[in-house]
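Just so we're clear, the structure is a prediction, and the values are computed from it rather than from any experiment.
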Amino acid sequence: MGSATFALSSLDRLFERGYEITGVVTQPDKPSGRGQILQSPPVKRRAVDLHLPIYQPASLKTEETQSLIQALGPDLVVVVAYGKILPPWLLHFPPHGCINVHGSILPKYRGAAPVHWAIANGETTTGVCTMLLDEGLDTGPVYLCRETAIGPNETVAEVYDRLGGIGADLLIETLEGVLKDSLEPKPQDNSKATFAPMLKKEHGLIDWRMAAVEIHNRVRAFNPWPGTAAKFRGGTCKILQTAVGVGSSPSGRGWREAPGEGHRSSQILRPSPYPLPEGEGDLSNSHAQSPGSVVLSKHSLAVMCGDGGLLEIMRIQPENRKAISGADFANGVRIEPGEKFESLMDN
């Protein structure tokens, strides 16, 4: 049972290893986009390619669905990013239960969006666990876990894809142990539980009073959905990619990328030793000190944050326009002294 892209590697690995897949249960096709055209879940599309039987029940609670699962007669049910809570009858039906691949190191980040919230909260490590599902929300006993690091500029898409592959390997290891009766799950420590709630649009509204690194983490975590956005001159701008200024202070100096520091062309910024023309990057006046204030240099656009740090806008999408670099945006709109990015939370 699965729907999202996170489940694709697990389905592929089960197929490659020769496990008998009696059916792939995924969510119904849903309308998407401006044209509201029906779109199939990624797992359905992969199952079609693999010539596997596909079932898309609208509900797991009906007698029809219960009869379907009983007819399929699974020894166990694998659940990866399915998107719905399983009813009690299904949890207890297979002899070996329902085994889930979850994108965090439990009991941290129980819930619908563990990868997103781990990045948003600035975690430097995360991982995957396999667990035996029970009637709670990700509260079942855990079989195996595997950790991985989160880079300071990694996006949710990058971490999500990597965890999907790690989870597929961990799933096979778990199934081998369960089917051989050599692996038993261990209870979680509920006192250490944290939660990763379903994402909402308001989670992506930027609050410039936060620290620069905190906003940067949310930009990494919440794109493409729900996206991170702010207001400029009354219009909504999507902030797509950012970089955190290192040692940023009201010094009147410009900013440039530090060369040769690795990941993603190093999105760590350091002060330039070359002074800017008068007025550029000047933080000495009172309006530049407040969160949301725009700070310009010759080739960059940065915003003052609540901790006094600078957040460079690497890519931005103005309302009803295509995405462009922060520098191109600044050049195009001809930013005036004292202008600010506002928070949509204030509306």
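- Side-chain contact check for H116 versus L199: some heavy-atom pair is nearer than 4.5 Å.
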(request) For salt bridge (charged side-chain N to carboxylate O under 4.0 Å, His left out), just list the numbers for R17 and E176, CA-CA rounded to whole Å, side-chain angles, deciding distance to a tenth of an Å, and then say yes or no. (result) CA-CA 11 Å; R17 291 298 186 95; E176 290 175 349; 3.4 Å; yes
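- In summary, the side chains of T148 and R162 do present a donor paired with an acceptor at a separation below 3.5 Å, with no hydrogens or angles considered.
- A 4.5 Å side-chain heavy-atom check between K108 and T194 finds at least one atom pair inside the cut-off.
- Of the residues T125, N217, V159, the one that meets the side chain to side chain contact (heavy atoms under 4.5 Å, CB included) test with I150 is V159.
- The number of heavy atoms from other shown groups lying within 6.0 Å of CG (L179) is above 12.
- Counting heavy atoms from C-beta outward, V77 and I99 have side chains that stay 4.5 Å or more apart.
- Without hydrogens or angle criteria, Q188 side chain to G140 main chain gives a donor-acceptor distance under 3.5 Å.
- Annotation: Y109 is not in aromatic contact with F195 [ring centroid separation under 6.0 Å not met].
- More than 12 non-hydrogen atoms from other residues, nucleotides or ligands lie less than 6.0 angstrom from CZ of R45.
- Looking only at atom types and distance, the side chain of H102 has a donor-acceptor partner in the side chain of S104 under 3.5 Å away.
- Contact record, E135 with P88: OE2-CB, 3.7 Å, taken as the closest heavy-atom pair.
- Counting heavy atoms from C-beta outward, V24 and L11 have side chains that approach closer than 4.5 Å.
- Residues H203 and W225 place their aromatic rings such that the two centres sit no closer than 6.0 Å.
- In this model, a donor atom of one side chain and an acceptor atom of the other lie less than 3.5 Å apart for S325 and D328.
- Between the CG atom of D49 and the CG atom of L8 there is a distance of 10.0 Å, given to the nearest 0.5 Å.
- The aromatic rings of Y160 and F6 sit tilted relative to each other, their planes meeting at an angle between 30° and 60°.
- Side-chain N/O atoms of N223 and R218 include no donor and acceptor closer than 3.5 Å.
- How far SG of C237 is from NZ of K231: 11.5 Å, rounded to the nearest 0.5 Å.
- Heavy atoms of other residues, nucleotides or ligands lying less than 6.0 angstrom from CD of Q36 number more than 12.
- By the 30° and 60° cut-offs, the orientation of the rings of W208 relative to F341 is tilted.
- Of the N and O atoms on the side chains of Q56 and D29, at least one donor lies less than 3.5 Å from an acceptor on the other residue.
- The closest side-chain heavy-atom distance from V115 to T126 is not below 4.5 Å.
- The distance from the OH atom of Y19 to the CG atom of L171 is 7.5 Å, given to the nearest 0.5 Å.
- Within a 6.0 Å radius of CD in E202, other residues, nucleotides and ligands contribute more than 12 heavy atoms.
- Atom NZ of K201 sits in a sparse spot, with 12 or fewer heavy atoms from other residues, nucleotides or ligands closer than 6.0 Å.
- Remark: E319 does not engage K238 in a salt bridge, criterion side-chain N to carboxylate O under 4.0 Å.
- With respect to E158 and R220, no salt bridge is recorded, no charged nitrogen being found less than 4.0 Å from a carboxylate O.
- Ion pairing between R146 and D169 fails under the 4.0 Å rule for side-chain N and carboxylate O.
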